[in-house]
Amino acid sequence: MALLAQREHSAMELRRKLLRIARDRQAALIEAAAGEGNLSSSPGPGAGRSEAEDPDGSEAQAVTLTQEVDAVLDWLKANGYLDESRFVESRIHARSQRFGQRRIEQELAQHGLALDAEQRSALAAGELDRACELLRRKFGEGAPVDASAEAKRLRFLMGRGFGSELARKAVRRVAAGPDA
């Protein structure tokens with residue numbers, strides 16, 4: 001719950017974090033038990049197995065951990081604590097002032113998500129204005145732009161996920177100043 005209280009997560013991201021935490025805790029418990037001498041070094045019932053046959057049952061434990069984490073994720077989704085549409089909205093809100101549509105879509109794809117048609121059109125509608133505002137904050141407004149400065153501004157916007165044609169329009173609009 002502490003992870004969910006910090007910010008919205010995608011199911012894929014939360015699954016990865018929960019599995020890492022569960023594995024770390026399990027390893028700590030095993031180390032603690034070994035340190036206390038609770039694990040015997042004498043051969044047990046499976047002593048005839050080779051090392052390659054998963055001697056400590058870690059493969060079975062991994063499957064159990066995965067099932068437990070998946071059950072927790074299902075419960076979180078069913079009770080409204082984990083909602084991927086909220087995650088997408090959160091990502092758009094957090095990233096839209098600094099990045100273009102391509103970059104936002106790429107980040108969502110890394111989480112196994114995508115924008116719906118309405119979100120995509122809303123982002124595209126304001127993209128030129130966002131690019132111009134980003135340029136104004138970074139470089140100022142109305143200063144004469146030579147070829148190398150224009151190229152630098154284009155690279156900056158394209159690196160932020162704005163398309164090349166849109167970046168050209170934004171650079172020209174900001175270079176023209178507020179009167180244009």
Side-chain angles (χ1 to χ4, degrees), residues 1-25 27 62 65-66 69-70 72-180:
M1 286 301 206
L3 289 173
L4 288 174
Q6 293 172 357
R7 65 174 177 84
E8 292 291 334
H9 289 75
S10 68
M12 180 186 297
E13 175 185 27
L14 190 58
R15 182 176 192 273
R16 184 179 61 244
K17 286 181 179 183
L18 289 174
L19 281 172
R20 185 183 67 236
I21 290 169
R23 286 182 187 126
D24 290 348
R25 284 188 180 167
L65 282 178
T66 302
V69 167
D70 288 342
V72 168
L73 289 174
D74 291 341
W75 184 87
L76 290 171
K77 286 178 186 177
N79 290 298
Y81 293 107
L82 182 63
D83 185 5
E84 291 186 344
S85 64
R86 274 198 324 253
F87 175 77
V88 170
E89 288 296 325
S90 171
R91 255 329 85 166
I92 291 171
H93 178 73
R95 303 291 193 246
S96 65
Q97 295 304 310
R98 297 182 315 171
F99 299 109
Q101 182 176 346
R102 289 180 184 174
R103 176 86 173 259
I104 294 169
E105 287 178 337
Q106 179 184 20
E107 184 176 340
L108 289 172
Q110 290 174 345
H111 291 276
L113 302 170
L115 295 172
D116 63 24
E118 182 180 315
Q119 292 166 328
R120 185 174 284 117
S121 65
L123 265 179
E127 194 163 31
L128 180 60
D129 292 333
R130 290 193 331 266
C132 290
E133 184 57 33
L134 191 59
L135 281 175
R136 286 184 191 104
R137 285 195 313 255
K138 177 76 174 175
F139 298 105
E141 183 167 11
V145 178
D146 62 355
S148 80
E150 181 176 350
K152 180 178 181 179
R153 292 171 187 190
L154 286 171
R155 282 192 309 273
F156 171 75
L157 286 176
M158 290 171 61
R160 292 287 180 119
F162 293 96
S164 59
E165 191 58 39
L166 186 124
R168 280 189 198 88
K169 287 179 185 177
V171 168
R172 288 184 186 128
R173 181 184 284 185
V174 171
D179 298 333

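- With hydrogens and angles left out, the side-chain atoms of Gln110 and Glu13 include no donor and acceptor closer than 3.5 Å.
- Ring geometry for Tyr81 versus Trp75: interplanar angle under 30°, hence parallel rather than tilted (30 to 60°).
- Screening Leu82, Val72, Leu19 for a side chain to side chain contact (heavy atoms under 4.5 Å, CB included) with Leu14, the sole residue that qualifies is Leu82.
- Here the side chains of Lys169 and Arg173 are not in contact, with every heavy-atom distance at 4.5 Å or above.
- Taking both residues in full, the closest heavy atoms of Arg120 and Leu115 are given as NH2-O, 3.5 Å, listed atom of the first, atom of the second, then distance.
- Considering CG of Leu108 and CZ of Arg95, their distance stands at 9.5 Å, rounded to 0.5 Å.
- Closest non-hydrogen pair, Ala131 versus Leu166, comes out as CB-CD2, 3.8 Å.
- The two atoms that bring Cys132 and Val174 nearest to each other are O-CG2, 3.6 Å, heavy atoms only.
- Side-chain N or O atoms of Arg15 include none that pairs as donor or acceptor with a backbone N or O of Val69 at under 3.5 Å.
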>> salt bridge (Lys or Arg N to Asp or Glu O under 4.0 Å) for Arg168 and Glu165? Distances and angles first, verdict last.
In response: CA-CA 5 Å; Arg168 280 189 198 88; Glu165 191 58 39; 3.5 Å; yes
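- Under the 4.5 Å side-chain criterion, counting only non-hydrogen atoms from C-beta, Leu113 is in contact with Phe87.
- Gly159 and Arg103 get closest at one heavy-atom pair: O-NH1, 3.3 Å.
- The two residues His111 and Ser10 come nearest to each other via the heavy atoms ND1-OG, 3.0 Å.
- With a 4.5 Å cut-off on side-chain heavy atoms, Arg155 and Met158 do not count as touching.
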> Given Glu133 and Arg136, is the side-chain contact (heavy atoms from CB on, under 4.5 Å) satisfied, shown in steps?
Replying inline: CA-CA 5 Å; Glu133 184 57 33; Arg136 286 184 191 104; 3.9 Å; yes
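- To the nearest 0.5 angstrom, Lys138 atom NZ is 12.5 Å from Arg98 atom CZ.
- Atom CZ of Arg102 is surrounded by 12 or fewer heavy atoms from other residues, nucleotides or ligands within 6.0 Å.
- Residues that satisfy the side-chain contact (heavy atoms from CB on, under 4.5 Å) test with Ser148, not counting sequence neighbours, are Asp146.
- Gln97 approaches Leu134 most closely through the heavy-atom pair O-CD1, 3.9 Å.
- A distance of 10.0 Å separates CG of Leu18 from CG of Asp70, quoted to the nearest 0.5 Å.
- Other residues, nucleotides and ligands place more than 12 heavy atoms under 6.0 Å from the NZ atom of Lys17.
- Using modelled atom types, one side-chain atom of Arg130 and one backbone atom of Leu123 make a donor-acceptor pair closer than 3.5 Å.
- At a threshold of 4.5 Å between non-hydrogen side-chain atoms, the residues Gln101 and Ile104 do not count as touching.
- Arg86 places no side-chain N or O within donor-acceptor distance of the main-chain N or O of Glu8, the cut-off being under 3.5 Å.
- Residues passing the salt bridge (charged side-chain N to carboxylate O under 4.0 Å, His left out) test with Arg91, sequence neighbours excluded: Glu107.
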